[in-house]
Every structure is written in structure tokens, then in C-alpha cells.
Amino acid sequence: MGIFEQSQIPLNAAIKAMKLDDGAAAIIAKPEKTTEVNIPVRMDNGKTKVFTGYRCQHSTVMGPAKGGVRYHQNVSMDEVKTLAFWMTCKCAVAGLPYGGGKGGIIVDVRELSDGELERLTRGYIDKIANVIGEKKDIPAPDMNTNAKVMGWMMDEYSKITGQFEPGFVTGKDISLGGSLGRAAATGRGVVTAALEALKVKKIKAKGATCIVQGFGNVGSWTAKLAHDAGFKILAVTDVYGGIRSDDGIDPYKLEEHVKKKGSVVKFKGTKEIKNDEFFAMDVDVIFPCALEGQITKDNAGEIKAKIICEGANGPTTPDADVILDKKKIMVVPDILANGGGVTVSYFEWVQNLYRYFWTEEEVIDRQVKLMVKAFAEVHAISQEFKVSLRVAAYIAALRRISVAMRFRGMY
Ligand code: NAD
């Protein structure tokens, strides 16, 4: 089963539980628009290489599409469609006036120089310029894209339209209209959701144990903010390997190590840990913050954690969900837990539209309030319908989207 097909399993469970109208169910099941482009790039050695990229607007029912652009060798249209679908639902769960979109380029960024990456980014924007825009579809960072890449995107798009376009892309540097608090936002949301889950499970945050998969934007901020909230971090992994320490890992010191060495591996005072041992660790919370399909039917049975709080998109497969449900492990789903990034992206867009900027305290305060409210709503739905938090989150999203569809006269 492909990833898009898999992503429809909890959606269909939600449709059934809430008895959603057939018309709305049929509309949400398919992306509105998909675009595939081929981008020629002049490489540093003088040769030309052609890269394939995608952009998908899954839904614009609630507002312009919103979602990141991923640079990765495994990007595919199926993945981009799935990520766009999750964005539709994520924005609706958080109550943002957005639909969902996503983009990607098939590229291994480790093989490109900075100049090649810039030319690729500009070429991608040239090719998709007609389907994106401040009121159409607003890109943002995702795996292997960052504020620098967003700056190039904004510059290229501004050249095409002939006007300053800060609101066309979020996740920019502060100098270009980025929002304070954006870099930490996804991690902050993940930790906020975990703290709410701990309250439900009646576990104190101070001294709660956790492990973090991935130490990029989401993983490192999740680790740092979890540490600040009193969690003890027992293990961290990245693409190169993993480390563990029963005494707890200081994520701030780990970050310094990663800056120097490029990986969490061989961090002072820690032992090596393999992926299968990692997920089986006896901790309160697992934070998967790396990539899709990490908790599967093959390792879900070994999991002893009480809570899984999904920083990554789609880290748990549907067949793993069935096992975790039976084991009464609470899974705080991606479309709820990692919505902090898009929430502050929305704040960035709002600030760009009226060219007036908020303090970091204002951003954090608004974000945390919004996420606590979304968690409470999803939790209440899960109690009412006797479904998992994942299915409940889809019900919360579908309620909003289906009302908007009806008032737009779509079915
Ligand atoms: P990133 O590129 O900054 O970091 C990814 C991290 O995962 C790196 O530390 C990498 O080494 C690690 N990793 C990759 N493969 C791994 C593996 N097999 N095992 C262990 N670690 C591995 O990306 P990011 O922005 O932190 O995104 C991570 C996830 O969070 C993605 O699923 C992304 O879609 C999702 N997400 C990101 C944001 C955001 O604001 N950045 C928002 C919502 C969701």
C-alpha cells in the first residue's frame, strides 16, 4: 500500500465515526491540483542536470494552500500528495484559515554546492510561480530546506511578480519578515502537546523520561524545550546513529557537539544505541521527530512508552496504530502535535500582510494557547466518539472543512 493510500485509513475511520456526508468525503479524498516540473540546473562543473519537483494543493476550501517544500532523494508525487493532505487536516485541527499544500524536489542536498542549491531553488520557483502566491499557496521549510532557501524563494518570486513578496513564503529570516519564535515553533508545539498528554495520563512533567528520534529542526527544539520543561532525555538518534545515557542527555550541549561533528554520534558520556533498542526503551514519552514510517507493525509490539508524541509527519503506520491502541499507548498524532510550525507560519504571514511585527512573547503566548485549545478539543472528541486521538483529530478537522464546503456550495 502506498503512503497516500495508508494516510486515508484514519481519515476513513473518522468519516465513518462522524457519519460525514458522502459529498464531503469524496472531495477530501482527492487533492485539488498537482503539478510536476522538471528543472534544468547548470552545475558547477559546467554540465546541466535536470531535477524533478512537485507541488500539490490538496485543498483550498478553508483558505490558500499552506505547506513546506522538501528536498530529499526519496521525494515522490505520492509522498507530496500525502504531506499536502496532512497539511489540510493539520491547519483545520488548529483552526487556521488555510488549506493544505506541499512541495518537494528529488535531490540529495549533500551532493550540491550552495550555488547549485540556489539555482535549483530559483528554477523550482520559476516553474511553479503560476500556481503559488500569497493568496493561493504559501510555501515553507521542510526537510533539508531552511530560512536561507526560503530567502532565495522569496527573492525569485519577487523578481517574477515585480513587487516585494514577503507573504508568499514563511520560515524566512527575521531580516526578510520572518517571525520571532518560528525556528522553535514546531518543537514548542510538540512539547506543549506532550505536556497536555502527560496531564491526561497523570504523569508529572518534572522527571518524566523521554527519547527523541531526529535532531534537526523539530528534534533539537523538542529536546531543548522538553529539557526546559523538566523531562529527562535518555536517548537521541539521527540518520548517522544513536546515543543513550541513563543520567540524561543535555540537549544544549548535544547541539554544540552536533555543530562541530555533524551528528549526535559519540557525544561525551553516552553509549551507542541501535534503532530497534531505541524504540523499545522503557520511557514515558517517545518523540519521533525524523521521518515517516518509523513505528511499524515490526517494532510497535516492543514499545513500552506511555505516550508517543509525533513531531515528524506520519512516523507511525496504520498497522502499528492498531497494536499501540490495543496496548493503550496514547499516540498524540502528527496533525495535532506538530501543528506548531504552521501555526507560527500563519502568524508570520499575518505579520507580513500588515507589515507589523509581534514580540517573541506574543508569538509564544498565542501559539501555546491555540495548541492547548486544539488538544482539549481533540481529546474531548476522542472521549465522545470513543476513538483514538488520531481519529479524533481527523474528526475535528473534517467538522471544520465540511462546514466550509457546505457554505461554499461544494456539495
Ligand atoms: P531536518 O532535516 O531539520 O531534520 C531531520 C532529522 O532527522 C535529522 O537530524 C536527521 O539526521 C534525522 N534522521 C533522518 N533519517 C533518520 C533515521 N533514519 N533515523 C533517525 N534519524 C533520522 O527536518 P525537520 O524539519 O526537523 O523535520 C523532521 C520531521 O518533522 C519531518 O517529518 C517533517 O515533515 C516534520 N515537520 C517539520 C516541521 C518544521 O517546522 N520543520 C513542521 C511539521 C512537521
Side-chain angles (χ1 to χ4, degrees), residues 3 7 66-75 79-80 82-87 89-91 93-94 100 102-104 107-110 139-150 170-172 178-179 181-190 193 211-224 235-243 251 254-255 257-259 261-265 273-279 286-296 299 309-316 333-348 367 371:
I3 181 174
S7 72
K66 183 86 192 83
V69 182
R70 179 173 290 194
Y71 288 1
H72 197 274
Q73 53 279 19
N74 297 341
V75 161
E79 182 186 64
V80 169
T82 310
L83 290 163
F85 159 68
W86 284 330
M87 286 306 297
C89 299
K90 196 180 298 186
C91 293
V93 170
K102 203 84 182 189
V107 57
D108 186 343
V109 291
R110 292 169 299 189
D142 192 74
M143 279 178 88
N144 298 319
T145 55
N146 52 23
K148 187 163 78 175
V149 175
M150 298 306 114
T170 60
K172 302 178 295 293
S179 178
R182 174 61 183 92
T186 306
R188 187 179 309 285
V190 174
I211 54 177
V212 186
Q213 187 194 35
F215 203 71
N217 173 281
V218 182
S220 65
W221 278 106
T222 297
K224 287 187 283 185
V236 180
T237 63
D238 67 15
V239 69
Y240 303 103
I243 51 166
L254 179 60
E255 191 173 46
H257 170 85
V258 172
K259 271 187 199 148
K261 307 280 180 195
S263 162
V264 300
V265 173
I273 184 167
K274 298 262 174 270
N275 223 22
D276 46 348
E277 294 170 65
F278 174 80
F279 282 118
I286 299 178
F287 290 110
C289 299
L291 64 172
E292 294 107 54
Q294 296 303 296
I295 300 173
T296 65
N299 60 10
C309 191
E310 297 183 333
N313 286 311
T316 311
D334 44 9
I335 60 167
L336 172 63
N338 71 27
V342 71
T343 299
V344 177
S345 272
Y346 163 61
F347 295 162
E348 179 177 336
Q367 180 195 344
M371 294 208 58

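Each ligand, and each atom within it, is numbered from 1 in the order the structure gives. Any value given below was found using the heavy atoms of this structure, including those in side chains, with hydrogens, waters and symmetry copies removed.
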For ligand 1, which of its N or O atoms have a protein N or O partner closer than 3.5 Å, and how long is each gap?
| unit_1 | atom_1 | unit_2 | atom_2 | d |
| --- | --- | --- | --- | --- |
| ligand 1 | 3 (O) | Asn217 | N | 2.9 |
| ligand 1 | 9 (O) | Phe215 | N | 2.9 |
| ligand 1 | 9 (O) | Gly216 | N | 3.1 |
| ligand 1 | 11 (O) | Val239 | N | 3.0 |
| ligand 1 | 21 (N) | Val239 | N | 3.4 |
| ligand 1 | 26 (O) | Asn217 | N | 3.2 |
| ligand 1 | 26 (O) | Val218 | N | 2.9 |
| ligand 1 | 32 (O) | Ala290 | O | 3.4 |
| ligand 1 | 32 (O) | Asn313 | N | 3.1 |
| ligand 1 | 34 (O) | Arg70 | NH2 | 2.8 |
| ligand 1 | 34 (O) | Asp142 | OD1 | 2.9 |
| ligand 1 | 34 (O) | Asn313 | ND2 | 2.8 |
| ligand 1 | 40 (O) | Arg182 | NH2 | 3.4 |
| ligand 1 | 40 (O) | Thr186 | OG1 | 2.7 |

Original post:
side chain to side chain contact (heavy atoms under 4.5 Å, CB included) with Ser220: which residues, sequence neighbours excluded?
Top reply: Phe215, Glu255
Subject >> Donor-acceptor contact present, side-chain Glu348 to main-chain Gly171, <3.5 Å >> reply: yes
**OP:** Of all the heavy-atom pairs spanning Gly262 and Tyr240, show the shortest one and how long it is.
**Re:** O-CE1, 3.6 Å
Original post:
Any ion pair linking Asp108 and Arg110 (charged N to carboxylate O, less than 4.0 Å)?
Top reply: yes
Original post:
Is there side-chain contact between Val80 and Val75, with heavy atoms separated by less than 4.5 Å?
Top reply: yes
**OP:** Specify the closest pair of heavy atoms between Tyr71 and Asn144, including all atoms of both residues, with the distance to one decimal.
**Re:** O-ND2, 2.8 Å
